[in-house]
Structure formats: structure tokens, C-alpha cells
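Worksheet: the structure to be examined is printed underneath.
Just the heavy atoms: all of them, side chains too, but no hydrogens, waters or symmetry mates, feed the values below. Keep in mind it's a predicted model, so treat the numbers as computed, not measured. Index from 1, following the sequence.
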Amino acid sequence: MKQEHIKEILDILEDTYPDAECALHHQNVFQLIVAVALSAQTTDKSVNQVTPDLFAAYPDAFALGNADPEEVSEYIRRIGMYKTKSKNIVKMAKMLADQYDGKVPEDYDKLVELPGVGRKTANVVLSVGFGHQRIAVDTHVFRVANRIGFVSEKDVLKTEMALMEVIPEDRWSRTHHSLIFHGRNCCDARKPACENCSIKELCEKHL
């Protein structure tokens, strides 16, 4: 896709979703990284339903790192893979407490060393928590970016790398949120609402 078309699509999406931002409720970077880790293969809405009680019980890395994973799992049992996630966030919190004085490191390599933290989670934390320009590729970003023609890749990592090539760096984070909102609100996986799409005339699927 030509750069002028990409820019036009980005402008339209930003106008369509002016409030596009991280939908996970959090008050600090610690809560953010826990919430993002919990959001794997489940919805942000589901995570937001369980985190208020979780964070009330375990307000920081020291409290969560000393917790019993089985007790933690009771707070998050409504979301997918809750037993595995409870073990991971306890291990992650303990590592934060032991190695980083309870603080979330502002460093990609250190972030992905934390239990339960992959590339997407690290990118979201760096973008939302610390203000770095990042494109975190979740299922919505992967689907929409490839469907509308920004890139043409078969996996998440190649999609991220390709998007970083075609999207201006100062728009990476904003593009991430715009594509997520478009995927949630219009460009559905099974039945995209093309008749209501603000970028239909520029989408490669319809050209």
C-alpha cells in the first residue's frame, strides 16, 4: 500500500476513534503489567472485572510476590487460563520485588525475562506505561493490519516488523490503539461490518 494511502487511513481511524487508548484499567505501571499479562486470550472487559479486587488484595509487587498462587487464582477464576496466569503473575511480582525493588523496569530485554511477559506485553507496557513509541500486535492489530493491506504477513512478529517499516515511528502507539478499536468495533474477525466502515474506500479488501 502506498504511503499516502496509509497516512489517509491513519488520519481517518484517528478521527473515527478519538478516544482510542488502553482499555485495561490501571493506576500505575505495576497494575498495567499485571492486567496485560492477564489479558492473553481473554477480553479486556473480563480482566477489568477481576482486577479491582485483585489489586485491593495485592496492591504492589511485594504483596503479590508473597501470595499463594491458589489464593490469587480465586480472584481471577472468571478469566481464561486463570490457574496458569495466577502462577505467572505471582512469579513475575516476586521477580520485580527481588530484582527491581518492586518497580517495573523500563527496558524491553528485562521485561521479557519476567514470567508471563512476552513481546506484546512488553511493548504495551513500554508504550502505555512509559510513553515509548511501540506497535504491540495482538489479534486485532494482526487481523486488521493484514486485512486492510498495511502489510501482508503470516505471523505476529513479521507483522510487527513490517508495520514498523510502513508506519511513521511517531504514530506507532496511536496506530496500535486505532487498529484495536477498529477491530473491536467494525472489522470483526468473522463478520466485518464493511457497510459501516470509515476506511472502506481505501481498504485493499475492497479495491
Side-chain angles (χ1 to χ4, degrees), residues 17 19-65 67 69 72-73 75-97 99-100 102-145 156-157 159-160 163-164 172-184:
Y17 309 106
D19 299 322
E21 59 184 14
C22 180
L24 291 166
H25 298 165
H26 62 281
Q27 296 181 342
N28 52 54
V29 183
F30 168 70
Q31 290 187 0
L32 173 66
I33 196 171
V34 171
V36 179
L38 293 177
S39 70
Q41 297 184 350
T42 192
T43 64
D44 290 354
K45 182 179 180 180
S46 296
V47 174
N48 289 336
Q49 291 174 345
V50 303
T51 48
D53 289 342
L54 177 69
F55 293 145
Y58 310 105
D60 54 36
F62 300 100
L64 185 58
V72 173
S73 71
Y75 287 92
I76 64 171
R77 62 184 301 117
R78 286 183 287 173
I79 66 174
M81 305 187 305
Y82 70 94
K83 289 186 178 181
T84 299
K85 290 177 180 178
S86 66
K87 293 176 183 177
N88 281 338
I89 63 173
V90 169
K91 289 178 182 177
M92 176 181 70
K94 181 169 178 53
M95 191 169 172
L96 289 175
Q99 297 188 25
Y100 301 107
K103 298 180 175 62
V104 178
E106 190 178 348
D107 180 274
Y108 174 82
D109 292 331
K110 292 178 180 178
L111 286 170
V112 294
E113 290 178 351
L114 297 169
V117 177
R119 187 175 186 88
K120 187 204 81 169
T121 297
N123 280 334
V124 171
V125 170
L126 288 171
S127 173
V128 177
F130 294 108
H132 294 263
Q133 288 292 336
R134 285 291 193 278
I135 297 178
V137 180
D138 68 355
T139 181
H140 297 296
V141 174
F142 176 76
R143 178 180 71 255
V144 176
V156 168
L157 179 58
T159 294
E160 180 188 333
L163 284 172
M164 290 168 66
W172 284 356
S173 294
R174 182 66 180 165
T175 297
H176 159 76
H177 293 302
S178 294
L179 292 177
I180 288 176
F181 269 58
H182 194 59
R184 285 177 180 159

Find out whether [X] and [Y] are in side-chain contact, i.e. whether some heavy atom of one side chain is under 4.5 Å from a heavy atom of the other.
X: Arg174; Y: Gln133; value: no
X: His26; Y: Val128; value: yes
X: Met92; Y: Val34; value: yes
X: Gln27; Y: Pro59; value: no
X: Thr42; Y: Leu38; value: no
X: Thr159; Y: Leu163; value: yes
X: Leu111; Y: Thr121; value: no

Taking all non-hydrogen atoms of both residues, which atom of [X] and which atom of [Y] are closest, and how far apart?
X: Leu32; Y: Val125; value: CD2-CA, 4.0 Å
X: Ser46; Y: Ile79; value: O-CG2, 3.8 Å
X: Phe30; Y: Ala93; value: CE1-CB, 4.3 Å
X: Ala37; Y: Ile89; value: CB-CG2, 4.3 Å
X: Gly129; Y: Val29; value: O-CG2, 3.8 Å
X: Leu96; Y: Pro105; value: CD2-CD, 3.6 Å

For this session: Using the ring-ring contact (aromatic ring centres under 6.0 Å, His included) rule, pick out the option among His177, His176, His182 that qualifies with Tyr17.
Result: His182
First locate atom [atom1] of [X], then atom [atom2] of [Y], and finally report the distance between them rounded to the nearest 0.5 Å.
X: Asp53; Y: Tyr58; atom1: CG; atom2: OH; answer: 11.0 Å
X: Glu21; Y: Ile180; atom1: CD; atom2: CD1; answer: 11.5 Å
X: Met164; Y: Thr175; atom1: CE; atom2: OG1; answer: 12.5 Å
X: Lys103; Y: Asp60; atom1: NZ; atom2: CG; answer: 10.5 Å
X: Lys94; Y: Lys91; atom1: NZ; atom2: NZ; answer: 12.0 Å

For this session: Go through the side-chain N and O atoms of Tyr108 and Arg134 and say whether any donor and acceptor fall under 3.5 Å apart.
Result: no
For this session: Ignoring hydrogens and angles, state whether a donor on the side chain of Gln31 or His25 is under 3.5 Å from an acceptor on the partner side chain.
Result: no
Sub-3.5 Å donor-acceptor pair from the side chain of [X] to the main-chain atoms of [Y], do we have one?
X: Lys85; Y: Gly80; result: yes
X: Ser173; Y: His132; result: yes
X: Ser127; Y: Val124; result: no
X: Ser86; Y: Val72; result: no
X: Ser39; Y: Val36; result: yes

Problem set entry | Residues Arg119 and Glu160 bridged, charged N to O under 4.0 Å | yes
Problem set entry | Arg184/Asp44 under salt bridge (charged side-chain N to carboxylate O under 4.0 Å, His left out): CA gap, chis, key distance, verdict | CA-CA 11 Å; Arg184 285 177 180 159; Asp44 290 354; 2.5 Å; yes
Problem set entry | Proximity of Tyr82 and Tyr75 rings by center, below 6.0 Å | no
